Amino acid sequence: MKITFAPAQIPTQGHAVIPVALGQKLGELGAKLDKKTGGALKKAMTAGNFTGKKDEALSVVAPPRTKIGRVILLGIGKPEELTEASAQNLGGGAASALIGVKAAQGAVIADIFKGGKLSPAEFAANLAFGARLRGYRFDKYKTKKTPDSAALKGCAVETVDVPGARRAWAALDAVAEGVELARDLVTEPANTLTPLSFAERCKELAELGVKVEILDEKAMGKLGMGALLGVAQGSALPPRLVTMLYKGDPAAKDQSPVALVGKGVTFDSGGISIKPSGGMEEMKYDMAGAAAVTGAIHALAKSKAKANVVGLIGLVENMPSGTAQRPGDIVTSMSGQTIEVHNTDAEGRLVLADVVWYAQEQFKPSAVVDLATLTGAILVALGHEYAGLFSNDDGLAGQLSAAGAATGEKLWRLPIDEVYDREINGDAGDIKNISGGREAGSIIGAKFIQRFVKKGVAWAHLDIAGTAWIKKPLATVPKGATGYGVRLLYQYVTARSAGA
Ligand code: BES
Ligand code: MN
Ligand code: ZN
């Protein structure tokens, strides 16, 4: 969807979204429009029981004395409580309302309210960001136009400070691109998004100054990545490991980057420990961690963020076949530790074992953050609202939680006590990839990955199995692929580099 900024003026035609504060309070332009229509907006609010509380919307069709199609009144609550995140949610609400009336274009008025803490430019840019993200669509495989396929193609955000809004928009625009990239990758089916084609998409980041390197299975074999390769061996599609290095702060004294590691299982059938067929189609999203990392690197590079960061993604397909690994197989990871594969469906941790180890060997990172759709158990624990956070470092956990709160991509920390370790101590090998039972499934997954984190390295694992894909839309997220993690990682990396 295309965002433009335009000078604030009383709308005369088309569809316009106008914010309203609690108590039916219109802003400057809203009040003028109400006057022009002979009080039609106020009358509609009263008749429609519309108070202006957050998330309320009321459509006024063809208000008198204008050529406007609809005025959509959008409740904002108390203006003094507006934050960047709530302005984004409002923008999402505006887009959702416009989509609801099948509008192709709409104006969103970033009206002025007394007591608001955001500057007019910030308000406008954040409205735009939310609208853009809520207006995302993936329709490349739709061959027919139906009434339902009418798309919201553009939003004009009207503000008294167009130049300021455009300045504030630059970074948000880059983040929106990153989120859209992640959603595109996740939504793409596994017959077209393969380890190879995913790696090809990553190469495009070179245009933004990112150093992209791709390891094939031969290179990974030389490095001893038996855990990752064991997962890949059942598939006809060869695996890839992509590293994306962005050095946006060459002046930094400590050159060591933050490493962002992503699970990129382009399809997870379960392998020989095959999954039930119901819902298996969803397992195309098992590369959402890798997509989030790729989207975040895109956003950081595109916005020329002052930060040093490297993204590493392990791309494999998990399939059953005559060459697939069997339950009971023992593989040797790059770290040298041997792993008993008791369940081939616990494959994400096997992939991450080698990628996390490689990240530390190759880049000596100041922190490692991995993102993975790792366990169904995290859905049981946290649903779709929070991703699970596991960390060996309170500082890092705090920074990530703060970034989550600021962006609305929320995190909830879970324990990784040593008491869980005995569950995954191996019998014939060093480590088992599952425990004996169903208890604490997400923690067990995290504990497994932790075995591949070197002493003294700050590490966090985000289990995003519940947040990467949703069946009901959120304020700034249509249903389907969320792009969860891009905003969070962008915020974490930029705040960290700013020393916040
Ligand atoms: N990719 C799945 C986890 C998953 C489940 C992601 C649902 C998204 C939605 C992962 O590879 C997996 O299969 N995990 C197993 C682990 C078990 C075998 C210990 C699980 O959660 O059942
Ligand atoms: Mn699996
Ligand atoms: Zn998986």
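We count ligands from 1, going down the list as the structure has it; atoms in each ligand are counted the same way. The structure presented is a predicted model; accordingly, all values stated were derived computationally and were not measured.
Below the 2.8 Å limit, the Zn ion (ligand 3) has as protein N, O or S neighbours K263 NZ, D268 OD2, D286 OD2, E347 OE2.
Between the side chains of H461 and D370, a donor-acceptor pair is found at a separation under 3.5 Å. Side-chain contact annotation: Q337 with S335, donor-acceptor N/O pair under 3.5 Å present. For the residue pair D430 / T338, a side-chain donor-acceptor distance below 3.5 Å is found, with atom types taken as modelled.
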Check residues 210-218 and write down every donor-acceptor pair under 3.5 Å in which the side-chain atom is one partner and the other belongs to a residue at least two apart or another chain.
| unit_1 | atom_1 | unit_2 | atom_2 | d |
| --- | --- | --- | --- | --- |
| D216 | OD1 | K218 | N | 3.2 |
| D216 | OD1 | A219 | N | 3.0 |
| E217 | OE1 | R240 | NH1 | 3.3 |

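When the options K302, K2, R132 are evaluated for a salt bridge (Lys or Arg N to Asp or Glu O under 4.0 Å) with D173, the one that passes is R132. Residue V186 forms a side-chain contact (heavy atoms from CB on, under 4.5 Å) with just one option from F138, W469, Y484, and that option is W469.
Under a 4.0 Å N-O distance rule, the pair E423/K432 does not qualify as a salt bridge.
Contact record, V293 with L312: CG1-N, 4.2 Å, taken as the closest heavy-atom pair.
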Self-check item: Full working for side-chain contact (heavy atoms from CB on, under 4.5 Å) between V17 and L127
Solution: CA-CA 11 Å; V17 180; L127 277 176; over 6 Å; no
Practice problem: I would like to know whether Y490 and T407 meet side chain to side chain donor-acceptor pair (under 3.5 Å); could you show each step before the answer? | Solution: CA-CA 10 Å; Y490 183 88; T407 58; over 6 Å; no
Exercise. Dump the intermediate steps for side chain to side chain donor-acceptor pair (under 3.5 Å) on N318 and D268, then the final yes or no.
Key: CA-CA 5 Å; N318 187 24; D268 180 14; 2.8 Å; yes
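The number of protein N, O or S atoms lying under 2.8 Å from the Mn ion (ligand 2) is 4.
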Kindly print each ligand 1 N/O atom paired with any protein N/O atom under 3.5 angstrom away, one pair per line, or none if nothing qualifies.
| unit_1 | atom_1 | unit_2 | atom_2 | d |
| --- | --- | --- | --- | --- |
| ligand 1 | 1 (N) | K263 | NZ | 3.4 |
| ligand 1 | 1 (N) | D268 | OD2 | 3.2 |
| ligand 1 | 1 (N) | D286 | OD1 | 2.8 |
| ligand 1 | 1 (N) | D286 | OD2 | 2.9 |
| ligand 1 | 1 (N) | T373 | O | 3.4 |
| ligand 1 | 11 (O) | K263 | NZ | 3.2 |
| ligand 1 | 11 (O) | D268 | OD2 | 2.9 |
| ligand 1 | 11 (O) | D345 | O | 3.1 |
| ligand 1 | 11 (O) | E347 | OE1 | 2.8 |
| ligand 1 | 11 (O) | E347 | OE2 | 3.0 |
| ligand 1 | 13 (O) | K275 | NZ | 2.8 |
| ligand 1 | 13 (O) | D345 | O | 3.0 |
| ligand 1 | 13 (O) | D345 | OD1 | 2.8 |
| ligand 1 | 13 (O) | D345 | OD2 | 3.2 |
| ligand 1 | 14 (N) | L374 | O | 3.4 |
| ligand 1 | 21 (O) | G376 | N | 2.7 |

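Using modelled atom types, one side-chain atom of T482 and one backbone atom of A468 make a donor-acceptor pair closer than 3.5 Å. In this structure a side-chain-to-backbone donor-acceptor pair under 3.5 Å is missing from K410 to Y386.
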